[in-house]
Amino acid sequence: MLLFLVCCILLAGCTSTSGKNASTSTKDELILAVGSEPEAGFDPTTGWGRYGSPLFQSTLLKRDDDLKIVNDLATGYEVSGETVWTVKLRRDAKFSDGKPVTAADVQFTFETAAGNGSVLDLTNLKSVESADDFTVKFTLKEPQSTFLSTLVATGIVPKHAYGKDYAQKPVGSGPYKLVQWDKGQQAIVEANPEYYGSKPFFKKLTFLFLSEDAAFAAAKAGKVDVSYIPSAFSKQTVAGMKLETAKSVDNRGIVFPYVKSGSKTKEGYAIGNDVTADLAIRQAVNEAIDRKKLVDGVLEGHGTPAYTINDGLPWWNPKTVVADGDANAAKKRLADNGWKDNDGDGILEKGGLKAQFTLLYPSGDVTRQSLALAVSDMIKPIGIKINVEGKSWDELKSLMHANAVLFGWGSHDPLEMYNVYNSKYRGLDYYNPGYYSNPAVDAWMDKAMKASSEEAALDFWKKAQWDGGTGLSTQGDAPWAWLVNIDHLYLVKEKLSIGKQRIHPHGHGWPVTDNIESWKWND
C-alpha cells in the first residue's frame, strides 16, 4: 500500500509541471483525489454520470446550483399526450473531435442505452426518433414521471465515434476531454476547446484513484489540490488546506438478505440467509441502532440520521422515522417472535437457529468499516451477534446475496428508490441484492412511475414506503437498516474556490465537479 501511494504521488507530481513556478492564482492545473475509479469506464449508456455530471459528455437537461432543472444541450422541451416528449437542441454544440451534436446522436445514445440493458431503465421507451437535425421525439409506452430525470442524467455520445472501446476512450461535448487513463492509478483530462458553455479556468485536471487513507496522506504531503476525506480525519488540520463541507443525500445502510437460503444465482452465488429472512430480526436491528450516536461518534457530527433511501426529499414519507436506540423495544419484539437465549451465551436462538450473521463492507472504506463495527456493538446487547468483515468489491459481488452488506446510495431522482426496492431488480447488478419483494410496494411504485408528473407521483412514492399497513420502511418489511446521511468533506487548497456546492448525491460520480466551470483561485 505504501509503495502504491508513493508511486501515485510521484506520478501526480509529474503531471502538473506547467505553471510549477507560477503563482497560485495563475496555475491552471489541479490534482484531485475526489472519488473512486469508475469500474465500467466513462460510458453514459452504461451508467457513467448517474451520480453527478458526466464531465466528458453533455446532457439534454441539467440541474443548477439550486437543483432546479435547466437546459443544457436542449433549448427546451414539451410533453404532449402524456407520452410524447419533444426536445429541441442547441445548434452550436460540438463534440471534442469537432463534429456537431445532432438529433441523430441523441437518438443513437438512447437506443444504445436501451439495448445495453444496463442500470439505465429504458424499458418504457417505445421509440426515439430524429424529427430533424435538431429535434428529437421520445415516445413512451406509458406516462413516466421520472423520464425528466433520465434526460438530466444521460450523457450524449457521438454516433460516429462510438465503438467497443468507447468507455475507455470517450468522446463527448462536455467541458473536459479524457487524454490519459492509467487504470488503477489516475485519469488526466484537459479542457475541451469545443465546449459551448462557460469555459473552465483550469485547463488540466489529474484525478488520482486513492484509498481514503492514501488520499489524506497525499493532502498532508501537499501533493493534491483537493482531496475527499472521511469524517474520521475531519478533526486533523492540514497546513495550507481548508475543510469544505457539502451536504448530501448520500446515505449508508445495511441491506439484508430478505429470503431464506437455498437458492443460487446463475453464476452459482448463494442467495438468502435464514436469520435475516426473519422480519423480527430486521426490525429489531432497526430499532436498536442509535443513529444519532453514529453521526456524532463515527461521522464526527458531519451528517444526519437516515431512515430511508430518500430522507428529506419531496417524495420522502416522514412516517418512516422510528425511535432510535430503543433496545427494550427490540428485545421485546424478538422475544414475542420466539427468539430466546436458551444456552446463556448471550446469543438468541429460535428453532435451533442462532441469531447471528455476517455484515460485510468494502475493505479500504474507513467510514463503512467504522459504521459496521459500531452497529455490531450496538446490536450485541439485544442478543444478536454480527460478525464484521471487509471484502473487495469483487468478493462482495459473490457474497452480497447471502450476507448483510453495508452499502450506500443517494440520488436526486425517485427512480433510485424504484430500482433498489422493486422486485424486478432482484439480483441485478447492485440493485436489490437481498431479493426483496412486496407486490403492494411494487404496485405503489408503478403508480408513481405512471403518474403524469413528479408532483402527481409524490403520494404514491410515499405510500410505497408506508401506506399504513405495509411498505418498504422499518414499519413494514425492513429490508434495509438505514444508518446515516453523510456530509461530503474535502480538503481544499486555501486559495482555491470550488464554488457553491449543490446538495450531493452518492459519491461515485465525482459530484464535487458538477460546477467545475466555476472553480477558480481567489486573490
Side-chain angles (χ1 to χ4, degrees), residues 5 32-36 51 210-222 224-254 285-286 288-309 311-312 321-325 359 361-380 386 388 390 405-410 481-494 496 498 500-508 510-512:
L5 172 59
L32 314 173
V34 294
S36 58
Y51 294 112
L210 303 176
S211 69
E212 292 175 338
D213 287 343
F216 185 65
K220 289 200 296 182
V224 294
D225 297 294
V226 182
S227 177
Y228 175 80
I229 64 166
S231 55
F233 299 156
S234 64
K235 299 293 186 183
Q236 302 183 46
T237 58
V238 175
M241 303 194 84
K242 58 188 176 181
L243 181 67
E244 295 271 5
T245 301
K247 294 298 179 182
S248 84
V249 290
D250 189 0
N251 45 56
R252 297 292 181 269
I254 301 168
V285 170
N286 268 280
I289 292 170
D290 192 323
R291 294 163 177 83
K292 184 64 166 59
K293 283 187 177 179
L294 292 178
V295 170
D296 293 339
V298 176
L299 302 185
E300 302 287 351
H302 295 294
T304 56
Y307 301 95
T308 71
I309 198 171
D311 288 11
V321 175
V322 295
D324 262 5
L359 173 58
Y361 68 91
S363 54
D365 189 317
V366 175
T367 300
R368 296 194 203 198
Q369 179 188 38
S370 299
L371 287 170
L373 291 170
V375 167
S376 178
D377 288 341
M378 288 177 177
I379 298 305
K380 186 177 180 180
I386 299 179
V388 175
V405 185
L406 211 158
F407 276 143
W409 292 95
W482 293 103
L483 306 176
V484 295
N485 299 300
I486 66 171
D487 293 344
H488 286 180
L489 305 178
Y490 300 89
L491 287 173
V492 180
K493 283 289 178 67
E494 284 182 345
L496 176 62
I498 59 172
K500 178 182 177 181
Q501 287 296 310
R502 304 155 191 176
I503 297 173
H504 285 194
H506 193 49
H508 282 314
W510 312 341
V512 70

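Reckoned from all heavy atoms, side chains included, excluding hydrogens, waters and symmetry mates. Starting from 1, each residue takes its place in the sequence as its number.
Within the 4.5 Å cutoff, the side chain of V249 has no heavy atoms near those of the N485 side chain. In this structure, the side chains of L489 and Y228 stay at 4.5 Å or more apart for every pair of heavy atoms. Side-chain atoms of V226 and L491, non-hydrogen and from C-beta on, never get closer than 4.5 Å to each other. With contacts defined as side-chain heavy-atom distances shorter than 4.5 Å, the pair W482/I309 qualifies. Side-chain contact between L371 and V484 is present, with heavy atoms from C-beta onward closer than 4.5 Å. Residues I486 and H302 have side chains not in contact (no heavy-atom distance under 4.5 Å, counting atoms from C-beta outward). Proximity of L359 to I254: side-chain heavy atoms (C-beta onward) are separated by under 4.5 Å at one or more points. Side-chain atoms of Y307 and R291, non-hydrogen and from C-beta on, do get closer than 4.5 Å to each other.
In this structure, L373 CG and L406 CG are separated by 10.0 Å, a value rounded to the nearest 0.5 Å. L243 contributes atom CG, which lies 11.5 Å from atom CD of Q236 (distance to the nearest 0.5 angstrom). Once rounded to the nearest 0.5 Å, the distance linking CE of M378 with CD1 of I386 reads 11.0 Å. Residue T304 holds its OG1 atom at 9.0 Å from CG of L299, rounded to the nearest 0.5 Å. A distance of 8.5 Å separates CG of L496 from CE of M241, quoted to the nearest 0.5 Å. Going from atom CD of Q369 over to atom OH of Y361 covers 3.5 Å, rounded to the nearest 0.5 Å.
The heavy-atom pair separating A481 from I289 by the smallest distance is CB-CD1, 4.1 Å. A pairwise comparison of heavy atoms in K242 and E494 identifies NZ-O, 3.2 Å as the closest pair. The minimum heavy-atom distance linking W510 with S36 is given by the pair NE1-O, 3.1 Å. For the pair F233 and E212, the tightest heavy-atom approach, listed with the atom from each and the gap, is CE1-O, 3.8 Å. Across all non-hydrogen atoms, the minimal contact from D250 to H488 is OD2-NE2, 2.6 Å. Pairing each heavy atom of Y51 with each of G410, the nearest pair is CE2-O, 3.3 Å.
Formation of a donor-acceptor pair under 3.5 Å by the S231 side chain with backbone atoms of S234 is not found in this model. Within the 3.5 Å criterion, the main-chain N or O of A372 finds no donor-acceptor partner in the side chain of S376. Looking at N251, its side chain does come within 3.5 Å of a backbone N or O of W409 through a donor-acceptor pair.
Enclosure of atom CD1 in I503 is not indicated, since only 12 or fewer non-hydrogen atoms of other residues, nucleotides or ligands lie within 6.0 angstrom.
In this structure, K292 does not pair ionically with D324, as no charged nitrogen and carboxylate oxygen lie closer than 4.0 Å.
Residues passing the side chain to side chain contact (heavy atoms under 4.5 Å, CB included) test with A374 are L294, V298, sequence neighbours excluded.
In the model, T245 has no side-chain atom that pairs as donor or acceptor with a side-chain atom of D487 under 3.5 Å. Neither side chain, Y490 nor E244, offers a donor N or O lying under 3.5 Å from an acceptor on the other.
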Determine, step by step, whether E300 and K235 satisfy the side-chain contact (heavy atoms from CB on, under 4.5 Å) criterion, reporting the C-alpha distance in whole Å, the side-chain angles of both residues, the deciding distance to 0.1 Å, and the verdict. CA-CA 8 Å; E300 302 287 351; K235 299 293 186 183; 3.2 Å; yes
Yes or no on side-chain contact (heavy atoms from CB on, under 4.5 Å) for L210 and F216, after CA distance, side-chain angles and deciding distance? CA-CA 9 Å; L210 303 176; F216 185 65; over 6 Å; no
